[in-house]
Amino acid sequence: MMASQPGNSDFPPAGDTPDERTAWLVRHEAYLKMLARLEIDSRFQGKFSASDAVQQTLLEAWHGWQNFRGSTEAERVAWVRGILAHQLAHLARHFAGAKKRDVSRELSLDASLAQSSQRLDQLLAVGGPSPSAAAVAAEQRLRLAEVLERLPEDYRQVILLRNLQDLPYEEIARRMDRGVGAVRMLWVRALQRLRDEIRGDSEWRQ
């Protein structure tokens, strides 16, 4: 069994028993769904569901658990992101009617998912000071994804488009079919709601 991360005893590490691997994967579900939604919205125009991609990712990771060859929690997360990239590429081929696997697309998706994960970290400062310990940062990243999943759809969407995809207000307004001024106000309200949710989360660690 993988040892607990130092200074972070509340955060369950990956383990080798069926219950431990299930708990670890479920803990990462909201995080994976957030990353999948970003890719689907930006690359595939919402042609398939983030939930479908994530459920297949969790299933493949569970059954292929022993195939992981890394030694750290960060490497385990990167391994699961790679599985998600594979699932997204598979769904893209299905909806495009293509049969041949495109390894270059999977590598591109994997890099994009990693970049989105880094941008998700930038939102950690919304709730307070950024954590200094890597283990605590990993825990907060997962909890931030869970908080974002609880937001109203329009709040979550404007935060994803603005903070994680770094789109200008004009493009966000086009995608959300709103005026630019309305999008700016929506973004401000969404960030405030995110702050309130984070500060009201009893599990959030400052």
Side-chain angles (χ1 to χ4, degrees), residues 21-65 76-98 101-124 126 138-167 171-172 174-178 183 186-187 190-191 193-194 197-198 201:
R21 78 176 71 168
T22 297
W24 190 92
L25 290 169
V26 169
R27 189 77 176 89
H28 287 73
E29 183 173 5
Y31 164 75
L32 293 171
K33 189 178 293 184
M34 195 66 55
L35 298 183
R37 185 180 286 114
L38 284 167
E39 294 302 322
I40 291 169
D41 288 347
S42 63
R43 288 178 180 242
F44 309 117
Q45 291 78 50
K47 291 181 178 179
F48 46 87
S49 166
S51 294
D52 291 342
V54 171
Q55 288 306 311
Q56 285 300 118
T57 297
L58 297 176
L59 185 63
E60 184 173 327
W62 199 95
H63 286 293
W65 197 251
R76 174 79 71 175
V77 173
W79 175 71
V80 176
R81 279 202 312 265
I83 296 175
L84 176 59
H86 171 74
Q87 291 300 326
L88 289 171
H90 172 75
L91 287 168
R93 289 197 308 273
H94 172 75
F95 281 91
R101 181 179 178 183
D102 187 344
V103 176
S104 63
R105 167 175 272 187
E106 290 182 27
L107 293 174
S108 174
L109 280 166
D110 197 12
S112 183
L113 290 169
Q115 184 178 57
S116 293
S117 182
Q118 292 173 354
R119 287 181 174 175
L120 188 62
D121 289 351
Q122 294 172 7
L123 273 175
L124 291 173
V126 170
E139 177 184 4
Q140 287 199 336
R141 183 187 309 124
L142 299 188
R143 288 177 174 164
L144 176 61
E146 292 170 357
V147 171
L148 285 167
E149 280 293 304
R150 297 200 300 263
L151 293 181
E153 174 62 27
D154 56 347
Y155 281 9
R156 182 172 62 244
Q157 185 179 9
V158 75
I159 289 174
L160 294 184
L161 293 174
R162 181 61 181 164
N163 293 85
L164 275 76
Q165 294 193 30
D166 199 27
L167 295 179
E171 175 61 19
I172 298 172
R174 186 188 68 79
R175 294 195 184 192
M176 299 188 71
D177 194 24
R178 296 171 182 248
V183 163
L186 178 67
W187 181 63
L191 286 181
R193 176 68 174 271
L194 179 62
E197 290 285 338
I198 288 174
D201 189 335

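Just so you know, these numbers come straight off a predicted model, no measurement behind them. Hydrogens, waters and symmetry mates are skipped; everything else that's a heavy atom, side chains included, is used.
- Aromatic rings from Trp24 and Trp62 are positioned such that their centres are separated by 6.0 Å or more.
- Checked against side chain to side chain donor-acceptor pair (under 3.5 Å), Glu29 has the following partners two or more places apart in sequence or in another chain: Gln55.
- Between Gln165 and Arg175, the closest side-chain pair of non-hydrogen atoms falls below 4.5 Å.
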Q: Would you please test Arg81 and Tyr31 for side chain to side chain donor-acceptor pair (under 3.5 Å) and show each step?
A: CA-CA 10 Å; Arg81 279 202 312 265; Tyr31 164 75; 3.1 Å; yes

(Q) side chain to side chain contact (heavy atoms under 4.5 Å, CB included), that's the test. Do Arg178 and Asp154 meet it? Break it down for me. (A) CA-CA 11 Å; Arg178 296 171 182 248; Asp154 56 347; 3.5 Å; yes

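- Annotation: the span from Leu160 atom CG to Asp166 atom CG amounts to 13.0 Å, rounded to 0.5 Å.
- Salt-bridge check for Glu149 with Arg37: passed, with a basic side-chain N closer than 4.0 Å to an acidic carboxylate O.
- Across all their heavy atoms, Ser116 and Leu164 have their closest contact at O-CD2, 4.2 Å.
- Between His28 atom NE2 and Arg141 atom CZ the span is 8.0 Å, to the nearest 0.5 Å.
- For the atom pair Leu186 CG and Gln157 CD, the distance stands at 9.0 Å (nearest 0.5 Å).
- When all heavy atoms of Leu109 and Ala85 are compared, the closest pair comes out as CD1-O, 3.6 Å.
- By the salt bridge (Lys or Arg N to Asp or Glu O under 4.0 Å) test, Arg193 is found to be paired with Glu197, residues two or more places apart in sequence or in another chain being considered.
- Here Glu146 pairs with Arg27 in a salt bridge; the nearest charged N to carboxylate O distance falls below 4.0 Å.
- Between Glu60 atom CD and His63 atom NE2 the span is 10.0 Å, to the nearest 0.5 Å.
- Using cut-offs of 30° and 60° on the angle between ring planes, the pair His86 and His90 is parallel.
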Q: Kindly determine whether Leu161 and Met176 satisfy side chain to side chain contact (heavy atoms under 4.5 Å, CB included), including the steps that lead there.
A: CA-CA 10 Å; Leu161 293 174; Met176 299 188 71; 4.1 Å; yes

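- Here the CH2-OG1 distance, from Trp65 to Thr22, works out to 8.5 Å after rounding to the nearest 0.5 Å.
- For the residue pair Ser117 and Leu35, the shortest heavy atom distance occurs at N-CD2, 3.7 Å.
- In terms of heavy-atom proximity, Val158 sits nearest to Tyr155 at CG1-O, 3.3 Å.
- Nearest approach of Ile172 to Leu167, heavy atoms of both residues: CD1-O, 3.6 Å.
- The minimum heavy-atom distance linking Leu32 with Leu84 is given by the pair O-CD2, 3.7 Å.
- Between the CZ atom in Arg156 and the CG atom in Leu148 there is a gap of 8.0 Å [rounded to 0.5 Å].
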